[in-house]
Amino acid sequence: MKSLFFPLVFLFPFIVSAQEHSHDEDGEAEEAYYDTVAIHDQKAYNVVDMNIYYKSSNRVYRAGQLLNGKKQGLWRTYFENGTLSRVEQYNMDFYDGMILIFGDDGSLSREQYIRNSALDGLMHDYYPGGYMKTEENYTKGVLNGWRRVYSTDGYLQEEGMWKDGKRDSINRWLFPEGGPSVEYVYRMGVIIGPSTQYYESGKIKSQGSYRDNIEEGAWKEFYESGKLNAEGNYKGGKKTGSWKMYDESGAHMKTQTWENGVMVKEIPAKK
C-alpha cells in the first residue's frame with residue numbers, strides 16, 4: 001500500500017533530460033518545465049511512482065517508476081492533447097525491451113526492441129494510417145536478416161537479406177504496384193553474381209552477371225514478348241567485343257563490335 005502523507009509527496013518543476021531538450025538558433029537548450037508528483041512506496045522507499053504533468057494544461061506528460069532514482073519498468077509519454085506518444089521499457093535508466101512510438105493522431109509510428117542498449121529483434125516503421133513502411137531485423141544493434149520496404153499503399157517495394165549491416169545474398173526492387181523490377185546478388189555489400197531486370201509486365205528484360213558492382217561477362221537482352229533482342233559481353237561495366245542484335249521475330253539483324261563501351265563497327269546480317 002502506498003502512502004500519500006506530506007514528507008513523501010513532492011510537487012516541483014521538472015527540467016526534461018538532455019535527450020528531451022529543444023535548442024534555439026544559438027544552440028542553447030530551452031528549459032521546458034513540468035510539474036512532477038513523486039510518490040514513494042511506504043514499504044520500499046527506494047521505489048517511486050513518477051507522474052509528470054504539462055504545466056499549461058495539467059495533463060499527464062510522462063508516467064513511470066523509479067528504482068533507486070533510475071527509470072525502471074514501463075514508462076509512458078503523452079502528447080499534450082492526451083494521446084499516447086511513447087511506450088518504453090527501462091532497466092536501471094537504460095532502454096531494455098519494447099519501445100513503441102506513436103503519431104499525434106494516435107497511430108503507431110514505430111515498434112522496436114532493445115537489449116543491452118542496442119537494437120535487437122524486429123523493428124517496424126509505419127506510415128500515418130497504419131500501413132507498414134519498413135521491416136528490419138537487428139542483432140546487437142546491427143542489421144541482420146530480411147529487410148523489407150513498402151509503399152504508402154502497402155505494396156512491397158524492396159526486400160533483401162542483410163548480414164552484419166550490409167546487403168548479402170538476394171536483394172530485389174519492385175515496381176510501384178509490386179511486380180519485380182531488378183534482382184541482384186550481394187556479398188557483404190558488393191553486387192556479385194547473376195542479375196535479372198524485368199518489364200512491368202513481369203517479363204524478363206535482361207540477364208547477366210556482376211563483379212564488384214559492375215557488369216561482367218555474358219549478357220542477354222529481351223523484347224517484352226520474350227524474344228531475344230541482343231546478346232554479347234561486358235568487361236568492366238562496358239560493352240565489349242561482338243554483340244548480335246535480333247528483330248522481334250527472332251531473326252538475326254546485325255552484329256556490332258564494341259571497344260571499351262564504344263561501338264566501332266556494325267555489320268548487317270547476311271540474308
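With respect to the salt-bridge test (charged N to carboxylate O, under 4.0 angstrom), the residues Lys235 and Glu259 do not qualify. Of the charged side-chain nitrogens involved, at least one lies within less than 4.0 Å of a carboxylate oxygen, so that Glu136 and Arg147 count as a salt-bridged pair. Here Glu159 pairs with Arg172 in a salt bridge; the nearest charged N to carboxylate O distance falls below 4.0 Å.
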*Check step by step if side chain to side chain contact (heavy atoms under 4.5 Å, CB included) holds for Ser209 and Glu216.*
CA-CA 6 Å; Ser209 293; Glu216 188 74 24; 5.8 Å; no
_Evaluate Val182 against Thr196 for side chain to side chain contact (heavy atoms under 4.5 Å, CB included), listing each step before the verdict._
CA-CA 6 Å; Val182 62; Thr196 304; over 6 Å; no
*Just do the side chain to side chain donor-acceptor pair (under 3.5 Å) check on Tyr223 and Glu221 with the steps written out, would you?*
CA-CA 7 Å; Tyr223 293 104; Glu221 298 174 359; over 6 Å; no
_For a salt bridge (Lys or Arg N to Asp or Glu O under 4.0 Å) check, start with the C-alpha distance between Arg59 and Glu80, then their side-chain angles and the critical distance, and finish with the verdict._
CA-CA 7 Å; Arg59 290 176 181 259; Glu80 194 162 6; over 6 Å; no
_The test is side chain to side chain contact (heavy atoms under 4.5 Å, CB included); show your working for Arg167 and Trp162 and say whether it passes._
CA-CA 4 Å; Arg167 296 185 188 275; Trp162 288 66; 3.6 Å; yes
*From CA spacing to verdict: side chain to side chain contact (heavy atoms under 4.5 Å, CB included), Ile52, Val60*: CA-CA 6 Å; Ile52 305 163; Val60 174; over 6 Å; no
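In this structure, Lys205 is positioned above the aromatic face of Tyr199, its NZ or CZ under 6.0 Å from the six-membered ring centre and within 45° of the axis.
The closest side-chain donor-acceptor pair between Asn144 and Asn137, if any, does not fall under 3.5 angstrom. Gln256 and Glu266 form a side-chain donor-acceptor contact under 3.5 Å, judged by distance and modelled atom types alone. For the 3.5 Å distance criterion, the side chains of Asn91 and Gln72 qualify, holding a donor opposite an acceptor. Defined by atom type and a distance below 3.5 Å, a donor-acceptor pair is missing between the side-chain atoms of Tyr138 and Gln112.
Both Tyr78 and Leu100 sit in one connected hydrophobic cluster of ILVMFWY residues. Membership requires side-chain heavy atoms under 4.5 Å apart, directly or through other members. Cluster membership for Val190 and Ile170, using ILVMFWY side-chain heavy atoms within less than 4.5 angstrom, is not shared. Two different hydrophobic clusters hold Tyr131 and Ile101 under the rule that ILVMFWY side chains link at heavy-atom gaps under 4.5 Å. Under the 4.5 Å side-chain heavy-atom criterion for ILVMFWY residues, no single connected hydrophobic cluster contains both Tyr184 and Leu156. The hydrophobic cluster containing Met263 also contains Tyr234, counting ILVMFWY residues as joined when their side-chain heavy atoms lie under 4.5 angstrom apart, directly or transitively.
Among the candidates Arg76, Arg110, Lys71, Arg62, the single residue satisfying the salt bridge (Lys or Arg N to Asp or Glu O under 4.0 Å) test with Glu88 is Arg62. Paired with Trp219 under the rule ring pair (Phe, Tyr, Trp, His ring centres under 6.0 Å), one option of Trp258, Tyr210, Trp243 passes, and it is Tyr210.
A donor-acceptor contact shorter than 3.5 Å links the side chain of Tyr127 to the backbone of Tyr150. Side-chain atoms of Ser169 never come within 3.5 Å of backbone atoms of Met161 as a donor-acceptor pair (strictly under, hydrogens ignored). In this structure, the side chain of Gln89 engages the main chain of Met98 through a donor-acceptor pair within 3.5 Å. A donor-acceptor pair under 3.5 Å is formed between the side chain of Asp168 and the backbone N or O of Met188. In this structure, Asp120 contributes its side chain and Ile114 its backbone to no donor-acceptor pair below 3.5 Å. When atom types are taken as modelled, the side chain of Gln157 and the backbone of Phe175 share a donor-acceptor pair closer than 3.5 angstrom.
Atom CZ of Arg211 has 12 or fewer heavy atoms from other residues, nucleotides or ligands within 6.0 Å. The environment of Asn116 atom CG is sparse: at most 12 non-hydrogen atoms of other residues, nucleotides or ligands sit within 6.0 angstrom.
Taking CD1 from Ile267 and OG1 from Thr257, the interatomic distance works out to 6.0 Å, rounded to the nearest 0.5 Å. The distance from the CG atom of Asn229 to the NZ atom of Lys244 is 14.5 Å, given to the nearest 0.5 Å. Atom-to-atom distance recorded for Phe222:CZ and Lys203:NZ is 12.0 Å, nearest 0.5 angstrom. Summarising the geometry, atom CG belonging to Leu119 is positioned 10.5 Å from atom OG1 belonging to Thr139; distances are rounded to the nearest 0.5 Å. A distance of 9.0 Å separates OG of Ser242 from CG of Asn233, quoted to the nearest 0.5 Å. Separation of atoms CG (Asn81) and CG (Leu84) is listed at 10.5 Å; rounding is to 0.5 Å.
No side-chain heavy atom of Asn260 sits under 4.5 Å from any side-chain heavy atom of Thr240. With a 4.5 Å cut-off on side-chain heavy atoms, His40 and Tyr45 count as touching. Under the 4.5 Å side-chain criterion, counting only non-hydrogen atoms from C-beta, Gln207 is not in contact with Ser195. For the pair Phe79/Ser85, a side-chain contact is recorded, criterion being any heavy-atom separation below 4.5 Å from C-beta on. At a threshold of 4.5 Å between non-hydrogen side-chain atoms, the residues Leu66 and Trp75 count as touching. Side-chain atoms of Tyr198 and Pro180, non-hydrogen and from C-beta on, do get closer than 4.5 Å to each other. Residues His124 and Met132 form a side-chain contact, since some pair of their non-hydrogen atoms from C-beta on lies under 4.5 Å apart. Looking only at side-chain heavy atoms (C-beta outward), Met92 and Tyr90 stay at 4.5 Å or farther from each other.
In this structure, Gly141 and Ala118 approach most closely via the heavy-atom pair N-CB, 3.7 Å. The shortest heavy-atom contact between Met50 and Ala38 is SD-CB, 3.7 Å. Here the closest heavy-atom approach between residue Gly97 and residue Arg115 is recorded as CA-NH1, 2.9 Å. In terms of heavy-atom proximity, Ala63 sits nearest to Asn51 at CB-OD1, 3.6 Å. Residues Ile192 and Arg187 come closest through the heavy atom pair CG2-CB, 3.6 Å. Residue Ser107 comes nearest to Pro128 through the heavy atom pair OG-CA, 4.2 Å, listed as atom of the first residue, atom of the second, then distance.
The six-membered or imidazole ring of Tyr54 lies near that of Tyr61, with a centre-to-centre distance under 6.0 Å.
Using cut-offs of 30° and 60° for the angle between ring planes, the Trp173 and Tyr186 rings count as tilted.
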